[in-house]
Amino acid sequence: MDNGNGIAGGAVSVALTGSGGAGVMTAGTLLLDAAARAGLYGMMVRTSGPQIRGGEAAALLRIGSGEIGGLDDRFDLLVALDWQNVHRFSDEIPLDASSCVVSDAAAGAVPEAFAKAGPHVFDVGFKAMTKAIPGSWPNMIALGVAAGAIGIPLAAVEEVITDAMKRGRDTLAASIAAAREGHAAGRAAAAQAGTRQVVSHGSEGRRWLISGNEAAGFGAVRGGVRFVAAYPITPATEMLEYLASALPEVGGALVQAEDELASINMVIGASFAGKPSLTATAGPGLALMTEALGLAVISEIPVVIVDVMRGGPSTGIPAKSEQSDLNLALWGLPGDAPRIVVAPNSIADCLGTTQWAVHLAETLQSPVVVLSDQFFGQTQAVIDRPSEVDFGTVRLCAAAHEPGYRRYADTPSGVSPMALPGNRGTAYIAESLEHTERGIPSSGAADHRRQLEKRARKIEQADYGERWADLEGEGESAVITFGSATGPVREALARLRAQGIALRLISIRLLAPVRPAAFDAALSGVARVAVVEQNHSAQLYRYLRAHYTLPGATYSHARPGPLPFRPAELCAALEPWSRS
């Protein structure tokens, strides 16, 4: 059953806000976990002020009985532990007259930024209730309020609190008591405000609660990565934290390097030695890595670089999302340096696409850039367990004592055998200067052209199968997008299809190399194209115009972060275009 928003079974949006240290992220995480245990789907987006740590914070959740791909146009419920600088989130937490605001009157009146929408306002004395329950915390009351208001069973809330609390029976009992009080208050407020309730249709087996960064880390391990070197940077750090504990369990290791230059050179060295290797970073770090990536291209050493994009340029907006590193990933190397660029289009797909990236790097002996972003990386989601895929990843290595061995042999596929250090009877060469097929430095025109064509051919001729893009729908109008824009676009197209407008979705997973034949087939019968992306300069639109023939009049809907796309915004833009 669809609720008209493209979300099966309907969904409810909840915001938990408060000053630094109030525990809203903990409450939001527990609420999402409780939803999962109640058989529901959901996602939680973290947002904070410019200081990243400390200061105001908000947990933005959307919970329902169908899979969730993005945030909605408005919030049904706002639970505010206090109002300290929370007005800064007014653009991120749109309310209307049917919304419900629950706050503590002792903390002050609802700020005008929220009050002007005319929501139903209810007073819950978080501080007074906390004092009445010794050992309790206001955020546990807020957890109960949110769960009660949207219809998550109290039993699921008590279960997650019990699993989370490790500090003794008294603390556990106080937290459960606080959640119970909050649950009752939330139910009462929702009854008066008419707040929508979530309805579970049951769950077959336990769903996963995972972030995009964790999913990417798991995909790397599943793909065979056994060495990671990286320098912590927002918003990629959680991927490194996951890998730091996961890698030793499979015989791997993670090294925290002194900077991004060291980390990329470490992973190139580890791959040189035969270990599938990866680094994770954000835009500023990727910029520092470009020279070393050129080394990986010319020496044909496989490495994976996960770029969790954030607002730019420079340090920009570290804790907000933007798809503005596309040009850097596609073009940001000196010389003609072909490389592979892929982008997951959901939190679950962060796992599969990162695993695929490892496969492509290893089999094509090439650097692969994975373009995730802050929205995916730091968002937690309840998802169905992803299916296990075995790509059959095998790096082509030279045999011992291989006669006439040529490291950079100009093979039909463009892929030539690698000899690992210590391989008997075969000299391993990794040359950063242009070279002959044997790896001897050469400035000859013929050698340069031969190796340029070899490095391009192995990437262009590879079989990427149907994974290059997700194709959905029919009609003469097609919307092209990538990455985290896919979820809101998919929901907007579902709403427009409900109005009788036939639309296709093309969510590109393989951004480079270009796939002219596959792209032409996907656009067969299409009369108009729109390109949706979250950056200021329409980077994807211009890239597609450079490499493909787009049919009819093309439309670019590009805007920067930090606000995520909302389905209503996209409907308003795409509906008149689709009828033009």
Side-chain angles (χ1 to χ4, degrees), residues 223-230 252-253 255 257 259-279 286 288-305 332-340 357-369 393-411 413-444 446-459 462:
V225 166
R226 294 299 178 265
F227 179 79
V228 171
V255 173
D259 56 31
E260 289 85 357
L261 299 176
S263 62
I264 185 62
N265 283 290
M266 286 179 182
V267 299
I268 290 173
S271 183
F272 171 94
K275 293 293 183 182
S277 301
L278 172 148
T279 188
L286 180 62
L288 291 172
M289 295 179 183
T290 54
E291 182 181 8
L293 284 179
L295 168 63
V297 170
I298 198 168
S299 59
E300 301 190 51
I301 297 176
V303 292
V304 176
I305 307 93
L333 296 182
D336 292 309
R339 86 304 306 258
I340 300 167
V358 178
H359 170 73
L360 295 176
E362 290 292 309
T363 55
L364 297 176
Q365 299 176 18
S366 170
V368 179
V369 178
T393 304
V394 177
R395 187 187 297 191
L396 180 61
C397 293
H401 302 286
E402 184 173 311
Y405 174 67
R406 294 171 296 161
R407 167 62 188 102
Y408 300 110
D410 188 15
T411 63
S413 69
V415 179
S416 46
M418 295 179 67
L420 301 181
N423 200 27
R424 291 182 178 274
T426 306
Y428 189 91
I429 296 175
E431 182 53 68
S432 66
L433 291 170
E434 191 57 283
H435 42 258
T436 68
E437 290 182 279
R438 292 188 177 276
I440 299 170
S442 171
S443 59
D447 289 328
H448 184 45
R449 180 180 293 274
R450 181 178 296 112
Q451 293 300 318
L452 284 171
E453 292 176 348
K454 171 191 185 299
R455 292 190 289 265
R457 181 169 67 252
K458 68 178 180 179
I459 292 176

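Predicted model, so just to flag it, every value in this text is computed and none were measured.
Nearest heavy-atom pair, Tyr408 versus Gly439, reported as atom, atom and distance to 0.1 Å: CD1-CA, 3.8 Å. Closest non-hydrogen pair, Gly294 versus Leu333, comes out as N-CD2, 4.0 Å. Taking every heavy atom of both residues into account, Ser277 and Ser271 meet most closely at OG-N, 3.5 Å. The minimum heavy-atom distance linking Ala273 with Pro421 is given by the pair CA-CD, 4.0 Å. Across every non-hydrogen atom of Arg395 and Glu362, the tightest pair is NE-OE1, 2.8 Å. The two residues Ile264 and Ala292 have their closest heavy-atom pair at CG2-CB, 3.5 Å.
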Q | Verdict with reasoning, Glu300 to Met418, per side chain to side chain contact (heavy atoms under 4.5 Å, CB included) | A | CA-CA 9 Å; Glu300 301 190 51; Met418 295 179 67; over 6 Å; no
Q | Full working for side chain to side chain contact (heavy atoms under 4.5 Å, CB included) between Met266 and Phe227 | A | CA-CA 9 Å; Met266 286 179 182; Phe227 179 79; 4.2 Å; yes
Q: For the pair His435 and Ile298, evaluate side chain to side chain contact (heavy atoms under 4.5 Å, CB included) and give the outcome as yes or no after the intermediate values.
A: CA-CA 9 Å; His435 42 258; Ile298 198 168; 3.9 Å; yes
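Put simply, the side chain of Lys454 never gets that close to the backbone of Asp410: no donor and acceptor are under 3.5 Å apart. Panel note: side chain Lys458, backbone Gln365; a donor-acceptor pair is recorded below 3.5 Å. Without hydrogens or angle criteria, Tyr405 side chain to Gly425 main chain gives no donor-acceptor distance under 3.5 Å. For Thr279 (side chain) and Ala229 (main-chain N/O), a donor-acceptor pair under 3.5 Å exists by modelled atom type.
By the neighbour-count criterion of 12 heavy atoms within 6.0 Å, atom CD of Glu453 is densely surrounded, having more than that number from other residues, nucleotides or ligands.
Residues Glu434 and Arg455 are paired through a salt bridge, judged by an N-O separation under 4.0 Å between the basic side chain and the carboxylate.
Looking at heavy atoms from C-beta onward, Pro302 lies out of side-chain contact with Leu364 at the 4.5 angstrom threshold. Counting heavy atoms from C-beta on, the side chains of Leu286 and Leu293 come closer than 4.5 Å. When side chains are defined from C-beta on, Thr363 does not count as touching Leu396, because their heavy atoms never get closer than 4.5 Å. Using a 4.5 Å heavy-atom threshold, the side chains of Glu431 and Pro441 count as touching.
Annotation: the span from Leu452 atom CG to Asp447 atom CG amounts to 10.5 Å, rounded to 0.5 Å. Separating the NE2 atom in His448 from the CG atom in Asp336 is a distance of 7.0 Å, to the nearest 0.5 Å.
Residues Ser416 and Arg407 bring a donor and an acceptor atom of their side chains to less than 3.5 Å of each other.
When each of Val358, Val369, Leu360 is tested with Val304 by the rule side-chain contact (heavy atoms from CB on, under 4.5 Å), just one qualifies, namely Val358.
Applying the side-chain hydrogen bond (donor to acceptor under 3.5 Å, both in side chains) test to Glu260 and every residue at least two apart in sequence or in another chain returns nothing.
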